[in-house]
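Heads up: the structure comes next, in structure tokens.
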Amino acid sequence: MPRPTAAQFLYGSATVVISALAMLLLFRTESGIGVAAVGTAALVLGLLVALALPARARPARRVAPPAAARTHRTVEDVEIATVRRQHVGEHSLHR
């Protein structure tokens, strides 16, 4: 499952807060069950709004030909492969 984007968090949260306040003012409920029902309805509405937003599509990666298909390797290819091997264990935020 893809991670939600910042826009999905923002719109979903704003929908929950605004719809909960609007329903509480509209229905003027004071009972615990009424407040719980309004809160549940606001959460469901916020979830629907967040899921309705399109997720950001990630660009497709270019697929490099297999190493066996190459006829020769340049110095740059060897240096890039060495740097990649060094970065394998690092966290992605350090790149």
Using residues 33-41 as the side-chain source, report each donor-acceptor pair under 3.5 Å to any protein atom, sequence neighbours left out, with the distance given to one decimal.
residue	atom	partner	partner atom	Å
Thr40	OG1	Ala36	O	2.8

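The 12-atom threshold is exceeded at CG of Leu10, counting heavy atoms of other residues, nucleotides or ligands nearer than 6.0 Å.
Here the CG atom belonging to Leu48 is positioned 11.0 Å from the CG atom belonging to Leu43, to the nearest 0.5 angstrom. In this structure, the separation between CD on Glu30 and CG on Leu24 is 11.0 Å, given to the nearest 0.5 Å.
Pairing each heavy atom of Gly12 with each of Ala50, the nearest pair is CA-CB, 4.2 Å. Across every non-hydrogen atom of Leu53 and Tyr11, the tightest pair is CD1-CD1, 3.4 Å.
Not counting sequence neighbours, the partners of Glu76 by the side-chain hydrogen bond (donor to acceptor under 3.5 Å, both in side chains) test are Thr74.
Contact of the Val17 side chain with the Leu21 side chain is registered, since non-hydrogen atoms from C-beta on lie closer than 4.5 Å.
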